[in-house]
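Chain identifiers are assigned alphabetically (A, B, ...) following the order of the sequence lines, protein sequences preceding nucleic acid strands; residue numbering begins at 1 within each chain.
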Amino acid sequence: MAGVPGSAPALELRGITKRFGDLVANRSVDFDVVGGEVHALLGENGAGKTTVMRIAYGLTHPDAGSVLVEGHEVAIRSPRDAIAAGIGMVTQHFSLVGPMSVAENLALGRASGLRLDLDAARRRAVHAAERFGIRVDPDARVADLSVGEQQRVEILKALARDCRILILDEPTAVLVPAEIEALFATLRSLLEEGLSVVFISHKLGEVRAISNRVSVLRQGQMIGTVAGSTDERELARMMVGRPMLGVERSAGAPAPSEAEPVLRIRDLRVDGAHGRPSVEDVSLGVRGGEILGVAGVSGNGQTELMAVLSGMRRPVAGTVSVGDLDLTGADPRQMTAARVGRIPEDRHASLIPDLSVAYNLVMERLDDFRHSGRIDERAIRAHADELIARFDIRASPDDRVAALSGGNIQKVLLARVLSRDPRVLVVSQPTRGLDVGATEYVRSQLLARRADGAAVLLVSEDLDELLALADRLIVLYEGRIVGEMSAQEADREQLGMLMAGRGRNP
Amino acid sequence: MRLSSISTRYPVSPWSTPALVLFAIAITFVITAGPILLAGANPIAAYAEFVVIPLTSQFTLLEVLVSATPILFTGAAVAIAFRAGYWNIGAEGQLLLGAIAAAGVGTTVGDLPGIVALPAMLLGGAIAGAAWALLPALLRVRFGIDEVVTTLLLNPVALLLVNGLLHGPWRDPVTGFPESPRIAASAEFPALIDRSRLHLGFVIALVVIATAWYVIARTPAGLRLRAAGLSPHGARFAGINVSRTLIVAALASGAIAGLAGVSEVAGIQHRLTSGLSPGYGYTGIVVATLGTLTMGGVVLAALFLGDLTVGASTAARSLGIPSQLGAVVQGVLLLTVVALLTLRRGNSSRPVDAGPPAGESAEHEPAPTEGAVT
Ligand SMILES: Nc1ncnc2c1ncn2[C@@H]1O[C@H](COP(=O)(O)OP(=O)(O)OP(=O)(O)O)[C@@H](O)[C@H]1O
Ligand SMILES: [Mg+2]
């Protein structure tokens with residue numbers, strides 16, 4: 001039963017205003033979603049999407065405004081109230097308990113009473129995973145899962161709680177195309193049962209594919225609501241206030257073929273969580289002026305490969321070198337000294353969220369910012385002001401990084417790395433969670449590095465991104481390279497097969 | 001400030017809330033009213049006696065400073081370690097080692113002038129305290145062995161060492177008591193004010209704290225230490241040698257705790273005794289926690305606890321209640337502060353912007369680092 005016209009919306013937000021000090025994150029925002037509908041919420045990084053939905057879910061309290069469920073005003077003081085009212089939310093960052101198994105995490109959401117029946121929890125987890133078509137290992141320890149896998153558990157946890165209104169804050173950012181399709185199929189069948197979905201995403205194609213209506217926030221204000229079929233250019237224009245262009249590797253730019261690779265990896269092996277190797281026999285080379293794309297479903301060794309190249313993990317076997325420099329087992333300092341710029345997928349863990357933007361921007365090179373033994377606060381500030389302007393970070397130097405929106409956190413890390421002119425750039429999911437404007441910007445920056453002769457290793461689950469940026473592609477499956485091709489000859493279908501572990505390159 | 005107090009999506013560090021400490025003090029007074037009533041006194045009168053009376057005469061005021069001196073040292077020692085994410089519970093043992101070294105140096109310097117004897121003692125005490133802190137720190141960074149356990153376990157070992165010396169080679173040859181011989185007169189800390197017990201140690205403590213503040217707040221090394229404590233992974237990623245930072249913090253912590261021992265030997269006891277410290281090392285944890293791990297907070301908290309200590313002993317006389325009630329108040333205070341911090345931190349398991357597990361309280365805090373004091 002889809003929403004009956006004229007009946008009250010499943011969820012309605014009225015006049016929501018939320019201030020953080022001087023900053024108005026939401027300015028009298030109205031929003032509603034009816035039964036059986038997907039209502040997408042779009043907006044640039046920091047537009048206030050997450051904030052308004054956190055208010056609906058009781059994670060934040062508004063300064064003004066009210067929340068109505070089925071036409072009745074409800075007081076939502078905490079997620080407990082929201083869950084009781086039938087609202088579920090998958091947050092942008094996870095709320096899983098790392099040392100516990102997937103099944104235990106699912107049980108936590110619904111545990112009542114003192115005893116936890118683990119067998120039953122496990123059965124329920126398996127059952128829920130089947131019912132919703134989401135592939136997870138119920139016995140895996142959450143801390144051992146990749147970001148993408150953890151996100152899957154999050155979605156499952158919310159679905160398993162039988163909510164009628166499901167808020168998804170960038171749920172697909174970490175999923176691969178096939179999984180997104182599976183999620184959408186799940187959602188569609190749940191929609192038929194009357195579920196309402198609020199869908200926050202930066203991927204306009206997806207938004208158009210699933211949404212009935214689309215609303216756009218800009219700087220905390222509701223710009224308007226349009227039909228889900230509205231074309232992408234128009235949506236982008238509403239979000240940014242100007243038309244967008246789209247960045248691509250200039251077609252036919254000659255891939256430098258004869259040159260020696262700058263970044264070279266030979267026979268790399270990295271051990272995974274349970275002693276079995278997560279990366280095995282990986283050899284690759286990236287030349288200066290080249291972007292090598294690493295495709296694959298997350299959890300197939302990308303995290304470990306990045307950890308080695310970031311200096312955070314020692315390989316069990318194999319070598320890593322940059323130019324003539326052997327960097328096997330190098331630590332982060334040695335990596336930076338060799339001008340290897342590192343942008344791993346987990347930005348929070350790569351920064352110090354409790355320190356200011358300005359400090360985070362200089363954390364790798366504090367010694368350059370000392371003045372007669374003291375921290376040179378003035379220079380640090382000037383440096384921050386400059387990078388904030390250059391990279392269009394929406395924050396002030398003194399803001400704690402933790403208080404920034406997801407996209408701006410990414411920009412802080414990006415600014416820290418790119419401002420040092422890296423010779424080698426290793427990046428994972430650089431545009432995950434970024435709005436269209438920021439995505440365009442980051443991609444153009446990567447291409448600019450490439451034009452400057454840097455060797456870029458780009459790990460991404462986003463095939464569009466890989467095809468738009470990379471010169472060459474390799475596919476990782478279960479820790480091994482199962483395919484290699486030039487971007488020109490790559491075709492989506494074949495890539496998809498390789499990523500799923502089917503078929504090998506002849 | 002762009003942080004709201006009610007709905008903290010990205011809350012500030014759990015240590016940095018003076019309001020919470022004041023709240024804890026209020027709760028503590030309510031809770032301890034029970035035992036005070038049982039002891040047959042009026043709680044209001046008792047609190048006035050605990051807190052206010054000591055501040056009303058010069059003699060008691062100076063005694064407050066005397067009581068605050070050792071816990072200024074240990075509070076700063078603990079705060080430095082905790083800021084780095086190194087949970088040093090061993091200040092007590094480190095203090096005792098500092099005291100042993102001070103007595104050792106102090107009884108051997110003989111005729112040397114104070115200008116040589118005092119620095120030698122301070123140096124010896126600091127080195128001894130740091131040395132006692134070294135092993136747990138190495139075990140932590142090399143093998144990941146929890147320093148909470150190891151530092152704690154070394155405390156009784158240090159006390160055994162003291163007693164071993166006092167019942168063996170260092171027994172006072174004149175009296176035969178288990179006390180070391182008196183240290184040389186030149187090795188005694190001079191009194192700051194005539195006919196008071198307030199001694200040089202108080203000034204040294206303030207200098208140490210001011211230095212610690214400067215290093216932590218103003219130098220690159222201090223920023224690295226804070227970074228390592230707030231987010232070890234992020235710090236390591238930025239090229240900071242977190243292991244080395246932890247070791248340095250542990251050694252600095254041990255050295256400062258060692259100075260507390262020197263200060264008690266040279267300023268108060270003038271010899272090594274087994275009852276030298278009624279748990280100053282542990283009180284240091286209370287001071288650091290109450291002081292929200294900041295140096296300014298440590299000074300305030302140490303003075304407050306010094307005030308309570310003096311107040312408890314005068315209250316014992318004037319109201320006829322057991323002087324242990326002062327310790328009870330301190331203990332309850334520590335528990336309420338820790339409980340409030342834990343409550344506010346909630347059940348979030350990931351250190352970064354983790355929404356609370358559904359169904360839990362909306363107020364949550366990221367853990368300051370892995371493994372909080374609790
Ligand atoms: N607790 C907080 N304290 C201070 N500022 C905050 C807080 N929470 C959010 N903000 C600010 O409010 C604004 C809106 O943030 P919000 O997270 O809602 O953006 P968003 O639209 O979800 O962005 P993104 O697409 O990057 O996730 C941002 O400028 C952010 O820095
Ligand atoms: Mg958001």
> Near A/R314 CZ, under 6.0 Å, is it more than 12 heavy atoms from other residues, nucleotides or ligands?
no
> With A/R333, which residues qualify under salt bridge (Lys or Arg N to Asp or Glu O under 4.0 Å), at least two apart?
none
> Kindly list each side-chain donor-acceptor pair under 3.5 angstrom involving residues 213-221 of chain B, sequence neighbours excluded, with atom names and distances?
from: B/T219; atom 1: OG1; to: B/V215; atom 2: O; distance (Å): 2.6
from: B/T219; atom 1: OG1; to: B/G222; atom 2: N; distance (Å): 3.1

> Once you round to the nearest 0.5 Å, how far does CD of A/E377 lie from CG of B/L223?
8.0 Å
> Taking atom CZ of B/R226 and atom CD1 of A/I352, what is their separation to the nearest 0.5 Å?
10.5 Å
> Between chain B and each of A/R374, A/R416, A/M312, A/M100, count heavy-atom pairs under 4.5 Å; write down the option with the most.
A/M312
> Quick one: are A/S350 and B/F237 in side-chain contact, heavy atoms under 4.5 Å?
yes
> Let me check something: any side-chain donor-acceptor pairs from residues 240-248 of chain B under 3.5 Å, sequence neighbours excluded? List them with distances.
from: B/N241; atom 1: OD1; to: B/S243; atom 2: N; distance (Å): 3.4
from: B/N241; atom 1: OD1; to: B/R244; atom 2: N; distance (Å): 3.1
from: B/T245; atom 1: OG1; to: B/N241; atom 2: O; distance (Å): 2.8

> In residues 361-371 of chain A, which residues are in contact with chain B at a heavy-atom separation under 4.5 Å?
A/M363, A/E364, A/L366, A/D367, A/R370
